[in-house]
Amino acid sequence: MSGVIPPAQPPPDPRHDKPVHPLSLWRWRHNPLYRYTDRLQGWIALALLLLVPVLGLGAMFVAGGAAQHHYRAAAEHRKETLHRTTAVLTHDAPGHPEPGSAEARETRYPATVRFTDPDGRTRTAKADVLPGLAAGSSVHVWVDKGGAIAEPPMPDAQIRSRTMGWALIAFVTVTLAGAAVYRCTTVVLRRRNLAEWDTEWAETAPRWTTSP
């Protein structure tokens with residue numbers, strides 16, 4: 001009868017509840033309470049779950065390969081255009097607060113050195129050297145065609161580190177892009193559901209509120 005609210009039903013007995021098997025989650029496709037947009041959202045989530053790792057790994061290899069090629073080419077170019085020579089410290093290098101520590105072995109301090117440029121002229125300049133070196137110690141420096149001390153070519157360890165960094169950035173970027181796509185899809189589908197619910201409720205509400 002129109003306008004009659006059906007009586008409330010008692011809650012289900014929890015003793016009759018059965019554990020949900022993981023495979024039973026696929027039954028939502030046949031659930032009449034789910035809309036087309038709900039099913040579409042599920043398929044989009046599944047597609048992204050399968051595609052994002054594959055695309056992320058592909059992006060890692062592409063970005064890592066490109067970065068490695070770039071840095072190795074740059075290192076080879078510097079080796080060809082720079083001149084490696086031996087320089088001598090003219091003064092003692094500053095000492096590290098913790099001599100012999102791992103930090104001291106990695107730290108470099110600017111010190112004045114004397115060297116011969118590719119044209120055979122004696123020059124003096126600042127170079128980064130290990131801490132605690134005494135005057136007269138020999139160090140290797142890289143000199144450009146103009147006779148100025150330049151940054152040495154990138155070592156293999158640094159090339160590998162930067163290559164791995166770019167590969168990781170590529171994977172994270174693809175992952176975040178997949179999450180953003182899913183989030184945008186969820187927002188759009190949710191708004192569509194709300195609009196459809198409002199339309200259907202506008203049609204159904206009068207039948208529940210009209211007196212018999």
Side-chain angles (χ1 to χ4, degrees), residues 1-78 106 151 153-212:
M1 181 182 297
S2 176
V4 177
I5 300 178
Q9 299 295 323
D13 190 343
R15 292 176 297 178
H16 298 295
D17 291 344
K18 297 181 180 180
V20 179
H21 193 275
L23 294 180
S24 65
L25 296 177
W26 286 100
R27 296 178 183 177
W28 68 270
R29 294 181 300 167
H30 307 290
N31 191 333
L33 298 179
Y34 278 91
R35 299 171 181 265
Y36 168 76
T37 52
D38 298 321
R39 301 187 183 96
L40 178 60
Q41 181 178 343
W43 285 115
I44 291 176
L46 179 61
L48 290 176
L49 186 64
L50 297 176
L51 287 177
V52 166
V54 176
L55 296 178
L57 291 176
M60 283 183 63
F61 284 108
V62 172
Q68 184 181 37
H69 176 74
H70 169 75
Y71 289 124
R72 287 201 178 277
E76 291 297 328
H77 176 72
R78 294 189 69 82
E106 297 177 358
E151 289 291 331
M154 190 178 298
D156 291 340
Q158 190 174 3
I159 292 176
R160 287 193 298 269
S161 177
R162 294 196 177 188
T163 297
M164 294 176 61
W166 280 109
L168 181 60
I169 290 175
F171 183 83
V172 172
T173 300
V174 172
T175 303
L176 293 178
V181 169
Y182 180 74
R183 176 61 179 171
C184 292
T185 302
T186 302
V187 171
V188 171
L189 294 179
R190 184 177 299 174
R191 290 180 178 177
R192 180 174 178 179
N193 284 342
L194 291 176
E196 292 180 356
W197 288 334
D198 288 340
T199 301
E200 294 179 3
W201 178 247
E203 298 175 355
T204 306
R207 292 184 296 174
W208 288 78
T209 57
T210 303
S211 300

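Predicted, not measured: the structure shown is a model, and the values here were computed from it.
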So which heavy atom on [X] is nearest to which on [Y], and how close?
{"X": "Phe171", "Y": "Pro53", "value": "CE1-O, 4.3 Å"}
{"X": "Val52", "Y": "Val174", "value": "O-CG1, 4.0 Å"}
{"X": "Glu151", "Y": "Arg78", "value": "O-NH2, 2.6 Å"}
{"X": "Ala170", "Y": "Ala59", "value": "CB-O, 3.6 Å"}

Interatomic spacing from [atom1] in [X] to [atom2] in [Y] - rounded to 0.5 Å:
{"X": "Trp43", "Y": "Leu48", "atom1": "CH2", "atom2": "CG", "value": "13.5 Å"}
{"X": "His70", "Y": "Ile159", "atom1": "NE2", "atom2": "CD1", "value": "10.0 Å"}
{"X": "Thr173", "Y": "Leu55", "atom1": "OG1", "atom2": "CG", "value": "13.0 Å"}
{"X": "Arg72", "Y": "Arg160", "atom1": "CZ", "atom2": "CZ", "value": "7.5 Å"}
{"X": "Leu46", "Y": "Leu51", "atom1": "CG", "atom2": "CG", "value": "9.0 Å"}
{"X": "Gln158", "Y": "Thr163", "atom1": "CD", "atom2": "OG1", "value": "10.5 Å"}

- prompt: Should Arg191 and Val187 be marked as a side-chain contact (heavy atoms from CB on, under 4.5 Å) after you check the CA-CA gap, both sets of side-chain angles, and the distance that decides it?
  reply: CA-CA 6 Å; Arg191 290 180 178 177; Val187 171; 3.7 Å; yes
- prompt: Taking only residues at least two apart or on different chains, which pairs with a member in residues 163-184 satisfy salt bridge (charged side-chain N to carboxylate O under 4.0 Å, His left out)?
  reply: none
Gln41 and Arg190: CA distance, side-chain angles, deciding distance, side-chain contact (heavy atoms from CB on, under 4.5 Å) verdict: CA-CA 10 Å; Gln41 181 178 343; Arg190 184 177 299 174; 5.8 Å; no
- prompt: Considering residues at least two apart in sequence or located in another chain, which fulfil the side-chain contact (heavy atoms from CB on, under 4.5 Å) criterion with Asn193?
  reply: Arg35, Thr37, Asp38, Glu196, Trp197
